[in-house]
Protein chains: 4
Amino acid sequence: MATLQKSIDKRNALIKATIELVNNNGFHATPMSKIAKMANVSPATIYLYFENKQDLVNQTYIEVKAKYTNYAFETYNENMPVEQGFELIWKRIAHFKLIECENAMFLAQCDNTPMIDETSRQEGIRHLQPLLDLWRRGRNEGIIKPISDFLLYAYSINPLSFLMMSEKRGAFKLDKTQLKEAYESAWSSIKVCE
Amino acid sequence: MATLQKSIDKRNALIKATIELVNNNGFHATPMSKIAKMANVSPATIYLYFENKQDLVNQTYIEVKAKYTNYAFETYNENMPVEQGFELIWKRIAHFKLIECENAMFLAQCDNTPMIDETSRQEGIRHLQPLLDLWRRGRNEGIIKPISDFLLYAYSINPLSFLMMSEKRGAFKLDKTQLKEAYESAWSSIKVCE
Amino acid sequence: MATLQKSIDKRNALIKATIELVNNNGFHATPMSKIAKMANVSPATIYLYFENKQDLVNQTYIEVKAKYTNYAFETYNENMPVEQGFELIWKRIAHFKLIECENAMFLAQCDNTPMIDETSRQEGIRHLQPLLDLWRRGRNEGIIKPISDFLLYAYSINPLSFLMMSEKRGAFKLDKTQLKEAYESAWSSIKVCE
Amino acid sequence: MATLQKSIDKRNALIKATIELVNNNGFHATPMSKIAKMANVSPATIYLYFENKQDLVNQTYIEVKAKYTNYAFETYNENMPVEQGFELIWKRIAHFKLIECENAMFLAQCDNTPMIDETSRQEGIRHLQPLLDLWRRGRNEGIIKPISDFLLYAYSINPLSFLMMSEKRGAFKLDKTQLKEAYESAWSSIKVCE
DNA sequence: AATGAATGAGTATTCATTCAT
DNA sequence: TATGAATGAATACTCATTCAT
């Protein structure tokens, strides 16, 4: 039991170290030895928990993605009105990107890279289902534009990644006002205009 | 002149090879030797044109970014009405992402990587000036929302990257109809609503 | 007793696993972990029975060598006439190489390797004494050529290893006829010709 | 040209180093780095000449085997009488094993090991053809026993390996007299007895 | 006695970069 | 300018061995 906990701790430490190092240096400049050092284990120990570097990164991705979506949908339930539900989820996502920026940056870096297996990517997408369901409902009720989920995601959710990364780079500050404006834009882009 | 031409050819071949290999394999997994082979030159030759790998990647980034913005603004002029100007630029950008997808994918992959220098990134951003100017004008005229350029960019331009990458992954098809819908969403998100 | 029995079982399992793995993969490419797995014990358990890998291999060698010579001399007794005695021993050895080919292959592989200690090798040779005694007797009686034991061994016994290995490789088949021919050659090479 | 020679020199130095180190320590305890050091090149240089460690060992084997058979048949021609031809070849082989003992030991160590590819082994065997042809002739003329080449080889040639290794181990000395005795035994074992 | 987790030292191999030509 | 050979430093990964339980 105690020993199981220790194992879990080590695995978590490895994943945490991977996130931090990949965020700072990129996948290509993140040697296993550094990950090991940062997680306070021997390099060989990594291979008790992960098959190889690729697997470590994929599993890290899946784990972070799960954390992200869990957070996003934690307080949401399917009976909420569409607009309220969307606003809730959007704000949770925005909040996650701001407070868990290590995790969010890691996901952003994974997004357009061949660093992640296609299967792991699919695995990550599956968790978004509640949002897709909400959109379907919204379309049926004539509240959400009758357009592809990809378009809805591209315009209402994805911009948050760009904003978060810009903020991380110090290019601008995402304060309360701007968050509100961002939400307005997100909602404008997908709601049906009268 | 002939000799200079030859040089430019080699430099271009190297940049082309870099784009293709990075697109297919990622920064990690793109060794200089492969770039050299694909460009039909010796590894040593790369160092006649670029200081090192970092420099090769950064210059490739800058070059592609320039191509991208040149294309975007090629038919635009500052006297156009705001909405018409925006639509023009937006469509040129969308078009670029679709027909020059090798280049567009490379830029997308560069977006969130520590692989690109901050200075090269700034250099890339500078070229966007005409769009920023257009937005300033739009805000002054009460046509564009009075919000940060980052927000405008995040909601009206950046989604195109996500859509292009999704298409490349075969997840969905960006046809004429959807491009129109995309434009609607982009414009909705930044225009001032009456 | 029960507990001691169990120990011997484990030791035997380890030795068996060592033989099999070394036969199939060679000394290099036979990690302790694989040996442990095949013997159904933990890697750490090996070190309760053997000092280290070197020791495991050497003890395996000695054990197999003992088995080999025990088999060779089991039905022999020192009062037999020389030729009859030699024929008996030769045939037992040949038989061993054919039916216990796992063991025989292992010994063959040990023959020319620096993997085996010189002391272990000596230990292995000691068991051949009855054959050497027989040869001495044969020389005294003018039946066996008055030449070094090494020569006698090289020509009358050692060829069996080559034949067995060739058969294992599928290069040729050692059937009854050929075994008889082999014996003829062996005896021709050491007997005194009139 | 000079540069080609240098390349050949390096390749040879690598092969020489491989032989020496494998002889002394075995394949499993011969790291590439040591081979490189002994050959006075960088570890990376090995990979310009050989695909990997396996390839290095296989090519070394083939090279040494070729040297061995070249030496064996150098002074032989197919018109010699059978017995004279065999004696010539046998003595060349014996001589090779004595003066080129580094090479001979290496071959001996390769003999019963999965260290060498089966294809490389076949390649090595092909070179023995002149001896096999001689034996065929001998059988036709009723001089050589009508038995398999494997048996002839096992009894007339292979024992030399055992004798050479025994001498290297210091167990006994193979002087002129004993060499003569060895030849007698070899010839006795394959010639047709009247 | 037995183990599975843990590890440090090592190993094959790669790669960005340089150098002699 | 151009190169192919060469390399030192790194890197992912392995393995014999140990240790806490």
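Here is how names work: the chains are called A, B, and so on, in the same order as the sequence lines, proteins then strands, and each is numbered from 1.
Between B/Ala17 and B/Ile35, the shortest heavy-atom distance links the atoms CB-O, 3.8 Å. Of all heavy-atom pairs spanning C/Thr60 and C/Leu56, the tightest one is OG1-O, 2.6 Å.
DNA chain F is contacted by both C/Lys53 and A/Ser33; A/Ser33 maps to the nucleotide lying nearer its 5′ end (nearest heavy atom per residue). Each of D/His28 and B/Met32 has a nearest nucleotide on DNA chain E; the 5'-most of these lies closest to D/His28. Along DNA chain F, the nucleotide closest to A/Thr30 and the one closest to C/Thr30 are compared, and the more 5′ of them pairs with A/Thr30. Comparing B/Gln54 and D/Gln54 by the nucleotide of DNA chain E that holds the closest heavy atom to each, the one mapping nearer the 5' end is D/Gln54.
Straight-line distance from the CG atom of A/Leu56 to the C1' atom of F/dT11: 14 Å, rounded to whole Å. Residue B/Lys37 contributes atom NZ, which lies 15 Å from atom C1' of E/dA16 at whole-angstrom precision. When rounded to the nearest whole Å, the span between OH of C/Tyr47 and P of E/dA1 equals 17 Å. If you take CG of D/Asn25 and P of E/dT11, they are 11 Å apart, rounded to a whole angstrom. The distance from atom CG of C/Asn52 to atom P of F/dC15 is 17 Å, rounded to the nearest whole Å. Protein atom CG of B/Leu14 is 10 Å distant from nucleotide atom P of F/dA2, rounded to whole Å. The separation between C/Glu51 atom CD and F/dT18 atom C1' is 15 Å, rounded to whole Å. Following rounding to the nearest Å, A/Phe27 (CZ) and F/dA12 (C1') show an atom-to-atom distance of 11 Å.
In this structure a side-chain-to-backbone donor-acceptor pair under 3.5 Å is missing from A/Asn25 to A/Thr30. Distance alone, capped at 3.5 Å, places no donor-acceptor pair between the D/Asn103 side chain and the D/Val64 backbone. Remark: side-chain polar atoms of C/Asn23 are paired, donor with acceptor, to backbone N or O of C/Glu102 under 3.5 angstrom.
Geometrically, A/Lys53 engages A/Phe27 in a cation-pi contact, judged by NZ or CZ lying under 6.0 Å from the ring centre and within 45° of the ring axis.
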Can you tabulate the close N/O pairs, meaning under 3.5 Å, that link protein atoms to atoms of nucleotides 5-9 of chain F?
residue, atom, partner, partner atom, Å
F/dA6, OP1, D/Lys10, NZ, 2.8
F/dA6, OP2, D/Tyr49, OH, 2.8
F/dT7, OP2, D/Ser42, N, 3.4
F/dT7, OP2, D/Thr45, OG1, 2.3
F/dG8, N7, D/Ser42, OG, 3.0

Its dot-bracket string being built from Watson-Crick and G-U pairs below 3.5 Å, with | for another strand and [ ] for crossing, DNA chain E has the pattern .||||||||||||||||||||
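Distances were taken from every side-chain heavy atom of D/Pro31 (C-beta onward) to each of E/dT11, E/dA16, E/dT13; the shortest belongs to E/dT11.
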Any chance you could lay out the salt bridge (charged side-chain N to carboxylate O under 4.0 Å, His left out) test for B/Glu63 and B/Arg11, step after step, and finish with the verdict?
CA-CA 11 Å; B/Glu63 200 119 316; B/Arg11 192 175 184 280; 3.1 Å; yes
Would you tabulate the side-chain donor-acceptor contacts of residues 106-117 of chain A under 3.5 Å, counting partners in other chains and residues two or more places apart, or write 'none'?
residue, atom, partner, partner atom, Å
A/Gln109, NE2, A/Val22, O, 3.2
A/Asn112, ND2, B/Ala108, O, 3.3
A/Thr113, OG1, A/Gln109, O, 2.7
A/Asp117, OD2, A/Asn58, ND2, 2.6

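Residues D/Asn24 and D/Glu20 have side chains that never bring a donor and an acceptor to within less than 3.5 angstrom of each other.
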